[in-house]
Number of protein chains: 2
Amino acid sequence: MLASYAPSVRFETLDDALAALRERGLRISTPRRLVLEALFEAEGPVSAEHLARRLELDVASVYRNLETLERSGLAAHLHLGHGPSLHVLVGRGEREYLYCEGCGAVETLVPDALDRVRAEVRRGFGYEARFTHFPIVGLCPKCAASPPGRR
Amino acid sequence: MLASYAPSVRFETLDDALAALRERGLRISTPRRLVLEALFEAEGPVSAEHLARRLELDVASVYRNLETLERSGLAAHLHLGHGPSLHVLVGRGEREYLYCEGCGAVETLVPDALDRVRAEVRRGFGYEARFTHFPIVGLCPKCAASPPGRR
DNA sequence: CTGTGTGCAAAGGCTTTGCACTCAA
DNA sequence: TTGAGTGCAAAGCCTTTGCACACAG
């Protein structure tokens with residue numbers, strides 16, 4: 001139980017992901033493969049702009065591919081504060097983050113780390129909270145300790 | 001205890017707010033007063049565009065005033081899903097919301113409603129979660145019950 | 001009178017869309 | 001061979017900025 005929002009299928013490897021795309025009748029163009037590889041190699045969530053620059057691809061193509069990957073259940077995007085959307089691979093677990101508004105740090109969480117928080121929201125309001133699209137934002141222990149530091 | 005992010009000063013009335021602006025050496029122009037009044041009358045968070053249209057003001061002026069109000073601690077903005085930022089008055093308590101990604105419903109919470117959720121985040125990760133800037137997003141009881149309904 | 005705040009217009013980030021060409025299947 | 005996917009360019013949202021004028025204090 002504790003349904004969570006884990007993907008129903010897990011794509012652990014690049015080949016798994018490519019196979020899934022082929023099964024959907026999608027083609028494996030060079031840009032598409034590059035984007036997918038870059039997501040596999042990424043340390044954390046990345047922006048379309050970042051991928052385009054790093055891979056020397058047109059940003060429009062990157063956006064279209066990210067959308068395709070998202071519709072295929074291979075990738076997802078999330079919002080950390082202001083600025084561009086960030087993209088991650090789905091299927092290897094880590095989909096939830098804690099974002100510190102003080103120092104900008106992003107802490108990657110293991111899959112069920114927020115289950116107790118979700119349970120608390122469910123208990124109080126009946127809402128099934130998702131923290132995948134809009135992660136929990138706050139102040140990390142260090143920033144929470146330092147001077148009031150508004151904003 | 002349970003510090004929360006309640007404003008240190010409370011502005012219950014329009015006159016309180018106007019006085020606070022004057023104290024800061026800010027002028028009370030007609031557009032500024034209209035924006036403030038509209039925020040006092042608003043049912044919930046509103047966009048700059050909405051205010052501009054409703055008040056027949058230039059949208060740039062609305063944005064500037066919202067920023068001024070925010071810097072003065074009278075207003076705040078938050079992000080509910082995609083789309084424009086939404087603005088609310090600070091100082092009358094309600095600053096936290098639950099947003100349903102299924103049906104778009106926005107549930108306004110009383111000031112300390114999320115204290116137990118915050119406590120759970122603190123307990124688990126040492127983070128001091130803020131839900132004022134990026135509210136908790138999920139599925140309301142009704143949407144959580146209905147078919148899987150991705151997205 | 002002074003300079004803060006205004007409307008209008010232009011520009012700036014992020015993202016999407018139109019279009020003709022390329023290349024995966 | 002053919003249409004899905006590409007690069008390039010333009011446009012679309014949301015928001016900010018520049019500038020000359022207006023008006024609050």
Side-chain angles (χ1 to χ4, degrees), chain A residues 14-15 17-39 45-72 74-88 133-134, chain B residues 14-15 17-39 45-72 74-88 133-134:
Chain A
L14 179 59
D15 283 346
L18 292 174
L21 289 176
R22 276 189 270 259
E23 266 170 41
R24 290 196 147 228
L26 296 167
R27 298 182 180 180
I28 314 297
S29 67
T30 301
R32 181 163 294 163
R33 187 174 39 70
L34 287 173
V35 168
L36 202 41
E37 287 174 5
L39 288 179
V46 293
S47 70
E49 170 65 24
H50 171 86
L51 291 171
R53 219 176 16 233
R54 190 175 176 298
L55 303 174
E56 296 183 21
L57 294 174
D58 190 278
V59 71
S61 185
V62 172
Y63 273 111
R64 280 187 286 232
N65 273 308
L66 289 170
E67 203 205 321
T68 297
L69 295 177
E70 189 153 345
R71 279 203 312 255
S72 303
L74 296 176
H77 75 273
L78 55 106
H79 306 273
L80 293 184
H82 299 157
S85 303
L86 301 178
H87 304 261
V88 289
H133 190 192
F134 286 93
Chain B
L14 180 59
D15 283 346
L18 292 174
L21 289 176
R22 275 188 271 260
E23 267 169 41
R24 289 195 147 228
L26 296 167
R27 296 181 181 181
I28 313 296
S29 67
T30 302
R32 180 162 296 165
R33 188 175 39 70
L34 287 173
V35 167
L36 202 40
E37 287 173 7
L39 288 179
V46 292
S47 70
E49 169 66 26
H50 171 88
L51 291 170
R53 218 175 18 231
R54 189 175 177 299
L55 302 174
E56 297 182 20
L57 295 174
D58 190 278
V59 71
S61 186
V62 172
Y63 274 110
R64 280 187 286 233
N65 273 308
L66 289 170
E67 203 205 321
T68 297
L69 295 177
E70 191 154 343
R71 279 202 311 255
S72 303
L74 295 175
H77 76 273
L78 55 106
H79 306 274
L80 293 183
H82 299 157
S85 303
L86 301 178
H87 303 261
V88 290
H133 189 193
F134 287 93

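We name chains A, B, ... by the order of the sequence lines, and we start the count at 1 in each one.
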Residue among H87(A), H133(A), E67(A) satisfying side-chain hydrogen bond (donor to acceptor under 3.5 Å, both in side chains) with H77(A): H133(A)
Between dT15(D) (P) and R53(B) (CZ): distance, integer Å: 13 Å
Integer-rounded Å distance: dT15(D) C1' and L86(B) CG: 14 Å
Inter-residue atom distance L26(A).CG - L18(A).CG, 0.5 Å rounding: 11.0 Å
Most 5' of R32(A) and P84(B) on DNA chain D, judged by nearest nucleotide: R32(A)
S29(B) vs dA24(D): side-chain N/O to OP1/OP2 distance below 4.0 Å: no
Separation of dA11(D) C1' from Y63(A) OH (nearest whole Å): 15 Å
side-chain contact (heavy atoms from CB on, under 4.5 Å) between L51(B) and L66(B), worked out: CA-CA 10 Å; L51(B) 291 170; L66(B) 289 170; 4.1 Å; yes
Heavy-atom side-chain contact between L57(B) and N65(B) under 4.5 Å: no
Separation of dG7(C) P from R64(B) CZ (nearest whole Å): 8 Å
For atom CD of E67(B) and atom C1' of dT6(C), their distance in whole Å: 16 Å
d(CG, L80(A); P, dC14(C)) in whole Å: 14 Å
Spatial distance of atom CG (L74(A)) from atom CG (L39(A)) [nearest 0.5 Å]: 9.5 Å
Whole-Å distance separating the CG atom of L66(B) from the P atom of dT16(D): 10 Å
R27(A) vs dC23(C): side-chain N/O to OP1/OP2 distance below 4.0 Å: no
S61(A) side chain near dG5(D) phosphate (N/O to OP1/OP2, under 4.0 Å): no
Sugar-phosphate, base or nothing in reach of A48(A), heavy atoms under 4.0 Å: nothing
A60(A) or D58(B), whichever maps to the more 5' nucleotide of DNA chain D: A60(A)
S85(B) side-chain N/O to dT15(D) phosphate OP1/OP2 under 4.0 Å: yes
Atom pair distance, as rounded to whole Å: NE2 in H82(B) and C1' in dC14(C): 12 Å
